[in-house]
Amino acid sequence: MNGTPARPAAAQASAGDLLHLVRSGRATTRGALQRVTGLSRATVGQRLDRLFRAGWLREGAGTPVSSPLGGRPSVRLEFDDAHAVVLAADLETRHARTALLTLTGEVVAERGGALRVEDGPERVLDRLGAVFGELLRESGRDAAAVCGIGLAVPGPVDSATGRVVQPPIMPGWDGYDIRGRLRRAFMEHAGHAGPLAHAGAAAPVPVLVDNDANLMAYAEQRAHYPDCSAFALVKVSTGIGAGVVVDGSLYRGIDGGAGDIGHIRVPGVPGSAAALCKCGSYGCLAAVASGRAVAARLAAAGVPAASGSDVRELLAAGHPEAVGLAREAGRQVGEVLATVVTLLNPGVLMIAGDLAGTPFLTGVRELLYQRALPRSTAHLEIVTSRLGGRAGLVGAGALVVEHLYAPERVEERLAALGV
């Protein structure tokens, strides 16, 4: 998604291509753009002028000239991240986070609170729209400043349609028009009644939806491991899912089902044959090693726990039984990850979610290094989340920005703006 494209031919290097070169840092002066694209000075100037008129580029401080003869500093070109904002939401089974972000991913305003995904899409998406309106008012921004909305959900998503596909822990959401309903909720609660003038499109604000683990992986890889060409993130909360980034792009599979490792069967685990998963099968990894599964075992032992977030709080308090069960769950997940690591050969394996602490990570390491071939783990880093609870939000925001400012879409939006 954010991989660097091949050098465009001079006749094909559009204003969108120039913006991409500036945003990626590959060419940040007029001279550098001429050298990379082969375009003439006049043509570069004409195409940059369109971007300036749209408000998407600005001039920064000059950079020193390397010539021994000296000369005026070259004016640095910068992406102007102040011309719009993005709204994002990260929906979990019992909670949701929402945020207003800049185009470079800085969180301007943020909210978190209880919201049950099982209440269904109508109620949940209406509530998200209401919170979006509150965030805009809190930050003193108008709805017209919003160029897009990103949403992370705990289920597989067909990225072409933005609809979840047979989500085990999202009853009532299968095939639902999430994009349309969230757009309407935003328009109702944010006081916005029509297309966004600056967005450069005749349609209302775009809404993009993706799986939560995918967006967490996208955010973490971009922010902290940009040079890692094969990155995998495993989220262990109420359910278990994985996100994979290869060469800077999310790998989703044919219809968004890639990374759904929580439904790999683990018949060798004691008690797995009787462990009923939310998907309807017995013995799935999520049924024996997720936050929900650990919470159920704690509850059976008389410890108050009903979800992955409850387990997280017990782990933070050092509860001995929670610590022991989290380590055991880590071992069970580690056995599955040995196959994942052998198949993908990632440079970084990140553990995130409610159970992502020392006990769980210790269990993962024990089984992973025991089961996987040494060659598969020789250059592997096993780490925990760097962005924490904001990873899904940052990833959702980045998804919107990369979609809107892709070279081909830039051309469409500039044309719609008449520049």
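Note that these values count all heavy atoms, side chains included, but never hydrogens, waters or copies made by symmetry.
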Considering residues at least two apart in sequence or located in another chain, which fulfil the ring pair (Phe, Tyr, Trp, His ring centres under 6.0 Å) criterion with F231?
-> Y225

Do the charged groups of E411 and R47 touch, with an N to O distance under 4.0 Å?
-> no

Search all heavy atoms of C147 against all heavy atoms of V86 and return the closest pair with its distance.
-> SG-CG2, 3.9 Å

Minimum heavy-atom separation for N211 to G155, with atom names?
-> ND2-O, 3.0 Å

Expected output: side-chain S290 to main-chain A287 donor-acceptor under 3.5 Å = no

Going by heavy atoms in the side chains, are V419 and W56 under 4.5 Å from each other?
-> no

Evaluation steps, side chain to side chain contact (heavy atoms under 4.5 Å, CB included), between L337 and I261 = CA-CA 9 Å; L337 290 181; I261 65 171; 4.0 Å; yes

Hey, does T377 have a side-chain heavy atom less than 4.5 Å from the side chain of I382?
-> no

Sorted by chain and residue number, the ring pair (Phe, Tyr, Trp, His ring centres under 6.0 Å) partners of Y251 (sequence neighbours excluded) come out as none

Any idea which heavy atoms bring C284 and C279 closest together, and the distance?
-> SG-SG, 3.7 Å

Side chains of H189 and D126: do they bring a donor and an acceptor to under 3.5 Å?
-> yes

Does the R183 side chain pair with the main chain of V205, one donor and one acceptor, at a distance under 3.5 Å?
-> yes

Contacts satisfying side-chain hydrogen bond (donor to acceptor under 3.5 Å, both in side chains) that involve residues 157-176 (not counting sequence neighbours) are E122-Y176

Between the side chains of T98 and R111, does any donor sit under 3.5 Å from an acceptor?
-> no

All heavy atoms of L355 vs all of G291, minimum pair found to be CD1-CA, 3.6 Å

Kindly indicate whether the side chain of V401, heavy atoms from C-beta on, has any atom under 4.5 Å from the side chain of R23.
-> yes

Under 3.5 Å, which donor-acceptor pairs link side chains of residues 292-299 to any protein atom two or more places apart or in another chain?
unit_1, atom_1, unit_2, atom_2, d
R297, NH1, E328, OE2, 3.3

Who are the side chain to side chain contact (heavy atoms under 4.5 Å, CB included) partners of D49, not counting sequence neighbours?
-> R53

Exercise: identify the closest heavy-atom pair between T238 and G308 = OG1-N, 3.9 Å

Between L103 and A84, what is the shortest heavy-atom contact and its length?
-> CG-O, 3.6 Å

Residues E220 and R386 bridged, charged N to O under 4.0 Å | no

Could you walk me through whether Y405 and H83 pass ring-ring contact (aromatic ring centres under 6.0 Å, His included), step by step?
-> CA-CA 13 Å; Y405 295 93; H83 71 269; 5.8 Å; yes

What side-chain hydrogen bond (donor to acceptor under 3.5 Å, both in side chains) pairs are there with at least one residue in residues 347-365, not counting sequence neighbours?
-> R312-D354

Less than 4.0 Å between a side-chain N and a carboxylate O, is that true for E59 and R30?
-> yes

Can you tell if the side chain of L215 reaches within under 4.5 Å of the side chain of L399, non-hydrogen atoms only?
-> yes

